[in-house]
Amino acid sequence: MDLAASVDDGFVDAVHAILTVERRVIVTGVGKSGHIGRKVAATFAATGTASFFLHASEAAHGDLGMVTTGDLLLVLSNSGFSRELRPLLAYARRQGVPVIGIVSKLNSPLARASDIVLQLPDAQEACPVRIAPTTSTTMMLALGDALALAVMQRKGLTRTDIAQWHPGGEIGSRIAPVDDVIDLDEPLPLVSWHAPMRDIVFEMTSGGKGVAGVIGEDGALIGIITDGDLRRAFDHVLTARAIDIMTRDPITVPSGTPVEEVLTLMNNAKITVLFVTEVGDPSTPIAIAHIHDLVP
């Protein structure tokens with residue numbers, strides 16, 4: 001609550017400064033603030049803002065060359081009095097690199113050297129002796145992530161934009177297009193509308209997905225047959241044709257649909273398999289997606 005109440009026009013100014021930076025947002029800090037700074041830099045990078053973390057102590061031993069005109073420096077320090085920050089702040093001033101400081105004390109060297117100050121509320125640390133950085137670092141993380149997300153929102157980035165920076169892990173698998181996780185070269189289990197039960201069972205078995213698509217005279221997908229449809233038609237096993245037992249107007253998704261949308265559709269419809277079709281043409285299947293293909 002105190003942190004939210006402390007946000008003022010300086011936050012807006014900081015967002016604007018980050019949006020207009022020519023090169024990179026360089027995040028720095030020492031100690032626990034440095035650990036938080038690494039996470040904040042990673043959040044910026046993951047949401048479309050070129051960023052990296054620079055350890056303030058290493059900066060004074062040659063890494064100042066990583067900072068150049070056109071960059072912006074985001075400095076995290078609870079007190080703002082950490083001596084390790086001073087060479088970096090002096091160098092930034094000489095190079096004309098703007099500084100955003102996240103700090104609690106306005107009378108600190110960091111606050112005085114910052115072009116924009118985001119002041120942390122004066123709150124006690126949560127540890128029993130009120131010393132170990134806990135409350136302060138949590139607020140730093142929240143404020144740093146809020147900056148990154150506000151910048152992302154101002155840029156108008158979409159889930160598709162974010163997906164390109166998250167190709168791995170659970171996030172990557174959820175937002176990847178379904179085409180990336182299914183076999184587009186796998187033969188489709190398709191039968192004609194007048195196919196007898198024997199052909200249907202053969203196609204479903206050879207495909208290994210427990211399903212067969214039914215196509216009309218023009219090759220368009222007009223239905224789907226599942227294991228359940230076969231069981232319900234068992235009494236007509238000698239006479240039934242595909243068109244007699246199929247489910248009409250099957251649920252499909254167009255090529256390029258994100259995996260998480262496909263999974264949501266499957267869960268809502270209580271199905272485990274569906275056809276992927278050409279974009280703009282749900283009657284032309286190009287692949288088949290089973291829930292086991294989509295869940296890592």
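Computation of the quantities below employed the complete heavy-atom set of this structure, encompassing side-chain atoms and omitting hydrogens, waters and symmetry-equivalent molecules.
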Side chain to side chain contact (heavy atoms under 4.5 Å, CB included) evaluation trace for E261 with L265: CA-CA 6 Å; E261 291 186 20; L265 181 61; over 6 Å; no

Verdict with supporting geometry, T205 and V201, side chain to side chain contact (heavy atoms under 4.5 Å, CB included): CA-CA 6 Å; T205 303; V201 173; 4.0 Å; yes

Side chain to side chain contact (heavy atoms under 4.5 Å, CB included) assessment of D122 paired with S104: CA-CA 7 Å; D122 183 14; S104 64; over 6 Å; no

CA sep, side-chain torsions, deciding dist, call: T43, L141, side chain to side chain contact (heavy atoms under 4.5 Å, CB included): CA-CA 10 Å; T43 302; L141 178 59; 5.7 Å; no

Stepwise side chain to side chain donor-acceptor pair (under 3.5 Å) test for K32 and S136: CA-CA 10 Å; K32 300 302 182 290; S136 59; over 6 Å; no

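Atom-to-atom distance recorded for L274:CG and I251:CD1 is 7.5 Å, nearest 0.5 angstrom. For the atom pair M66 CE and F53 CZ, the distance stands at 11.0 Å (nearest 0.5 Å). Expressed to the nearest 0.5 Å, how far CG of L73 lies from CD1 of I100 amounts to 9.0 Å. Distance OG/S51 to CG/L72: 9.5 Å, rounded to 0.5 Å. In this structure, CZ in R231 is found 5.5 Å from CG in D227, a value given to the nearest 0.5 Å. In this structure, CG in N78 is found 6.5 Å from OG in S33, a value given to the nearest 0.5 Å.
Using a 4.5 Å cut-off on side-chain heavy atoms (C-beta onward), T239 and M197 make no contact. Contact check for T252 versus V276: no side-chain heavy atoms found under the 4.5 Å cut-off. Residues I222 and W193 form a side-chain contact, since some pair of their non-hydrogen atoms from C-beta on lies under 4.5 Å apart. Under the 4.5 Å side-chain criterion, counting only non-hydrogen atoms from C-beta, V151 is not in contact with T47. Side-chain contact between H194 and I243 is absent, with no heavy-atom pair separated by less than 4.5 Å. The shortest distance between side-chain heavy atoms of V214 and T247 does not fall below 4.5 Å. Between L294 and M266 there is a side-chain heavy-atom pair separated by less than 4.5 Å. The closest side-chain heavy-atom distance from V15 to R154 is below 4.5 Å.
Counting only residues at least two apart or in different chains, salt bridge (Lys or Arg N to Asp or Glu O under 4.0 Å) contacts with residues 126-144 are absent. The salt bridge (Lys or Arg N to Asp or Glu O under 4.0 Å) pairs that include a residue from residues 95-119 number zero, where partners must be two or more places apart or lie in different chains. Counting only residues at least two apart or in different chains, side chain to side chain donor-acceptor pair (under 3.5 Å) contacts with residues 270-283 comprise D281-S283, D281-T284. Sorted by first and then second residue, the pairs that involve residues 197-220 and meet salt bridge (Lys or Arg N to Asp or Glu O under 4.0 Å), not counting sequence neighbours, are K209-D293. Applying the salt bridge (Lys or Arg N to Asp or Glu O under 4.0 Å) definition to pairs two or more places apart or across chains, those involving residues 53-71 are R23-D71, R24-D71.
Under a 4.5 Å side-chain heavy-atom criterion applied to ILVMFWY residues, the cluster that includes I131 comprises V129 as well. Side-chain contacts under 4.5 Å among hydrophobic residues (ILVMFWY), followed directly or transitively, place L221 together with L188, L190, V211, I215, I224, V273, F275, I288.
In this structure, V25 is a member of the same hydrophobic cluster as L19, with clusters built from ILVMFWY side-chain heavy atoms closer than 4.5 Å. Put simply, I116 and M139 are part of the same group of oily side chains (I, L, V, M, F, W, Y) that touch within less than 4.5 Å, one to the next. Note on L54: it does not cluster hydrophobically with V30, by side-chain heavy-atom contacts below 4.5 Å among ILVMFWY residues. A single hydrophobic cluster is not seen to contain both I26 and L76; linkage of ILVMFWY side chains at heavy-atom distances under 4.5 Å, directly or through other members, places them apart. By the criterion of side-chain heavy atoms lying less than 4.5 angstrom apart, applied directly or through intervening Ile, Leu, Val, Met, Phe, Trp or Tyr residues, I18 is grouped together with V40 in one hydrophobic cluster.
Residues A242 and S192 come closest through the heavy atom pair CB-O, 3.4 Å. In plain terms, the two heavy atoms of G80 and P109 that are nearest each other are O-CD, 3.4 Å. Closest non-hydrogen pair, A289 versus V178, comes out as CB-CG2, 4.2 Å. Pairing each heavy atom of A287 with each of I182, the nearest pair is CB-CD1, 3.6 Å.
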Exercise answer: donor-acceptor pairs, residues 81-98 side-chain atoms, under 3.5 Å, sequence neighbours excluded:
unit_1: Y91; atom_1: OH; unit_2: V67; atom_2: O; d: 3.3

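Side-chain atoms of T257 do not come within 3.5 Å of backbone N or O of V253 as any donor-acceptor pair.
T49 and K155 form a side-chain donor-acceptor contact under 3.5 Å, judged by distance and modelled atom types alone.
Considering T137, T135, L143, V103 as possible partners of L120, the one that fulfils the side-chain contact (heavy atoms from CB on, under 4.5 Å) test is L143.
H290 pairs by the ring-ring contact (aromatic ring centres under 6.0 Å, His included) definition with H292, not counting sequence neighbours. A search for salt bridge (Lys or Arg N to Asp or Glu O under 4.0 Å) contacts involving D229 returns R232, not counting sequence neighbours. In this structure, the salt bridge (Lys or Arg N to Asp or Glu O under 4.0 Å) partners of D244, at least two apart in sequence or on a different chain, are R241. Remark: K39 engages D145 in a salt bridge (Lys or Arg N to Asp or Glu O under 4.0 Å) (not counting sequence neighbours).
Within a 6.0 Å sphere centred on CG of N107, other residues, nucleotides and ligands contribute more than 12 heavy atoms.
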